[in-house]
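Order of the sequence lines sets the chain letters (A, B, ...), proteins ahead of strands, with each chain counted from 1.
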Amino acid sequence: MAIEKYLVTSALPYANGDLHIGHLAGAYLPADIFVRFQKLLGNDVIYICGTDEHGTPISIKADQKKVPPRKIVDKYHRRIKSVFAGLNFCFDNFSGTARPVHYKISRQFFTNLYKNGYITTHTNKQLYCPHCKRFLPDRYVEGECPFCHSKEARGDQCDACGKLIDAIQLINPVCITCGHNPIIKETTNWFLNLPKFSDKLKKWIESKTEWKDNVKKFILGWLKSGLKERAITRDLDWGVPVPIENAKGKVIYVWFEAPIGYISSTIEWAERIGQPEKWKDYWFDKDRKLIHFIGKDNIPFHTIIWPAVLMGQDEDYILPYDVPANEFLNLEGRRISTSRNWAVWVNEYLEDFSADPLRYYLAANAPENKDCDFVWKEFQEKYNTDLANILGNFVNRVLKFSDKNFNHEIPFPTKLSAKNKEILEDISSVRDNVKQFYKTFKVRKACKSIIDLARFGNQYFDKTSPWTTIKSNPDTTAEAIYICGEIIRNLAIMIYPIIPSSAERLWNMLNFDKSILEYGWDGLLVEQNNPIKIGKIETLFEKIPDDIIEKQIQKLKGNNIMTKEESKETIDFETFKKLDLRIAEIISAEKVKNADKLLKLKIAVGDNIKQIIAGIAKHYAVEDLIGKKILIVNNLKPTIIKGEKSEAMLLAAVDGEKLTLLIPDKDIPEGSKVL
RNA sequence: GGCGAUGUAGCUCAGUUGGUUAGAGCAGUGGAAUCAUAAUCCAUUGGUCCGGGGUUCGAAUCCCUGCAUCGCUACCA
């Protein structure tokens, strides 16, 4: 059989925070399973990854903590790497984008595109801080909002009125790092001319008929709205310097250089194994299949921008062969949110569990075609039932029985009944199915087929009831146990990509002279024709007790109590007195046209009738509002929202998805002051 | 509002190109067995396949439409 060649990558994790289960389910576990499977097949494959170490969020964090960015990056690089090790991920190389080899090749990539005419320049005005001597990214500036005149607008958006703003529109802008006033200055940035690649990209994508449906849908949507030039440089000091004469203080924009990390990490790998030219076998070989595992949020970059960047090079880099993007993983019915700490952090998980329960649950419940839900109770149940009860117990009962009755061996029978031969064939077809599932990224189905085989094993064991036949007919008993042994041998190898360390422990009980990987998938094709010596029998899967699961659920709920309270500056009473807070009564309500969240309310405040626009349509029905007495800011400057006048602002308490109006405890006339 | 998806048993989901009587796991109920991690195995209850139209000899599957939920996006917070 011809050897197939693969190059597998997972999205580079951002070195600005820890990993949670959503990351794993989306990009890392599916890739690891795929790579282990390919290694079992004996194919030529390497698995490449590393941390993504540039970008504004890292810069900001570094400034806030008054440490160099590299320190932040190194810290998370270490943490991420150790978490991956704890989960048994088999990267061939795990690099980082702040290393010299990456700088070199990124600059080369940029230069080639530039030279080949794929890069344009545009000049625009931006804020520049003379004190810090640098241009300020949007989030580095605060000032007065040009629309509502709130004093705390950020450079990209005003939290008070919600409007998106351009930083240069800010009135009296302030640099958040030094507190000085920035000035407006012209700056030039470089843009990738994506439209130039349009035709080539379309043609290429159309040839990808085998790609997952969700991926194709996503790309088509993108192409339909048309490709635009995209800025690929930024005015920052943390990043890969732009390799052009007059580009001091400019770095290559992080989304442009991050995927190049796949290449620089491969180069690093080649150097590490002492064959510095070998990376070229991976990036220039037309027969090599390049597979990017990513989450769905990354689809446009990997299927449009990144291929365009590769197309624009001098050398013939291979393009992605497949991009099996996964959907998102929710947690206990809600979207994972790092800022609200609604997440299961992998490093915390590893304090209480080993790798395999999580690997198994995330594989069996992988968000392959649609978003999926991680539920702790289900995690426990799935693991306890499938692995401990069905698979673990099957292995245990067979090995113990055989150990006791067949002289510490799984016997090799003198003959096989027709029925049993048929069963061997059935096992073989399960094996073919599972192989096909792995190959086409259908890990859920692979899991199911494997556990079904273990189930079958239990049925078979019960039906043949060797514990009775052993007394009367040792020969047929030996046959039955042999079949069970064959099932176990197959199970061990087939499940290895998903739960490698458990599979290896099982393998060790069977005393083969080769490791699972050396034995390989094809080792299964060879019928076992010697007795198998049974080693020390140990419990494969300890059940997860209720209290540990309870602890996790409690921890999650506890985490979610507002850990990150944004602190606002204290104000004096005079400032507070400026607010005219009032009770108002809603006298009419209707939906605003062309807006899902907005309601137009008429309210009575004292002698006045005012109109306000409020974003509460998702939380309150029109008919439930009329007659309600609510709290408003009466003297907020009027504004126009969606073409409708809004003359005051309604106050409501908000917690994530929840929203509630503030209603007086006792009845009180509308117009009453709130103090 | 635009784009995309989803809706099948109490729960989680399979159902490939339309083809007998719509399936699995978990939970429930009844039973068997005692080799085994009180694990296993067998039987069984449970469904207007979201509603309504249409195409067809035949629709969970294809088309139209309505409703509900979710994601992205816009308005907004």
Pair assignment for [N], Watson-Crick or G-U wobble, requiring both distances under 3.5 Å:
N      : answer
B:rA22 : none
B:rU16 : none
B:rA33 : none
B:rG47 : none
B:rA5  : B:rU69
B:rA39 : none
B:rA74 : none

Is it true that [X] and [Y] have ring centroids separated by less than 6.0 Å?
X        : Y        : result
A:Tyr383 : A:Tyr360 : no
A:Tyr438 : A:Phe34  : no
A:Phe374 : A:Tyr361 : yes

Is the A:Trp376 ring parallel, tilted or perpendicular to the A:Phe379 ring (thresholds 30°, 60°)?
perpendicular
Look at the rings of A:Phe401 and A:Phe406 and say which category their plane angle falls in: under 30° parallel, 30 to 60° tilted, over 60° perpendicular.
tilted
Which sits closer to the 5' end of RNA chain B, A:Thr385 or A:Lys471, going by the nucleotide each is nearest to?
A:Thr385
Hey, which of these two, A:Glu381 or A:Lys445, hits RNA chain B nearer its 5' end, going by closest nucleotide?
A:Lys445
Which part of the nucleic acid, if any, lies within contact of [X], taking any heavy atom under 4.0 Å across all strands shown: a base, the sugar-phosphate backbone alone, or nothing?
X        : answer
A:Leu540 : base
A:Phe541 : base
A:Asn458 : sugar-phosphate
A:Phe394 : nothing
A:Glu378 : sugar-phosphate

Whether A:Phe401 stacks on the six-membered ring of B:rC35 base, 5.5 Å and 30° limits
no
For [N] versus [M], give the span between their [atom1] atoms, rounded off to a whole number of Å.
N      : M      : atom1 : result
B:rG46 : B:rG10 : P     : 11 Å
B:rA22 : B:rU48 : P     : 13 Å
B:rA9  : B:rU65 : C1'   : 28 Å
B:rU45 : B:rA59 : C1'   : 28 Å
B:rA24 : B:rA43 : P     : 10 Å
B:rC70 : B:rU8  : P     : 15 Å
B:rC13 : B:rG53 : P     : 30 Å
B:rC62 : B:rC49 : C1'   : 16 Å

Taking only side-chain N and O atoms of A:Lys377, does any of them lie within less than 4.0 angstrom of OP1 or OP2 on B:rC11?
no
Does B:rU40 have OP1 or OP2 sitting under 4.0 Å from an N or O in the side chain of A:Asn389?
yes
What I want to check is whether an N or O donor and acceptor connect the side chain of A:Asp462 with the base of B:rA33 at under 3.5 Å.
no
If we count only N and O atoms by modelled type, under 3.5 Å, do the side chains of A:Tyr349 and A:Gln552 hold a donor and an acceptor together?
no
So, A:Ser429 side chain and A:Asp426 main chain: donor-acceptor pair closer than 3.5 Å or not?
yes
Choosing from B:rG25, B:rA39, B:rA77, which nucleotide comes nearest the side chain of A:Met649?
B:rA77
Nearest whole angstrom, please: distance from the P of B:rC42 to the CZ of A:Phe456.
11 Å
Length of the CH2-P vector between A:Trp467 and B:rA39, whole Å
17 Å
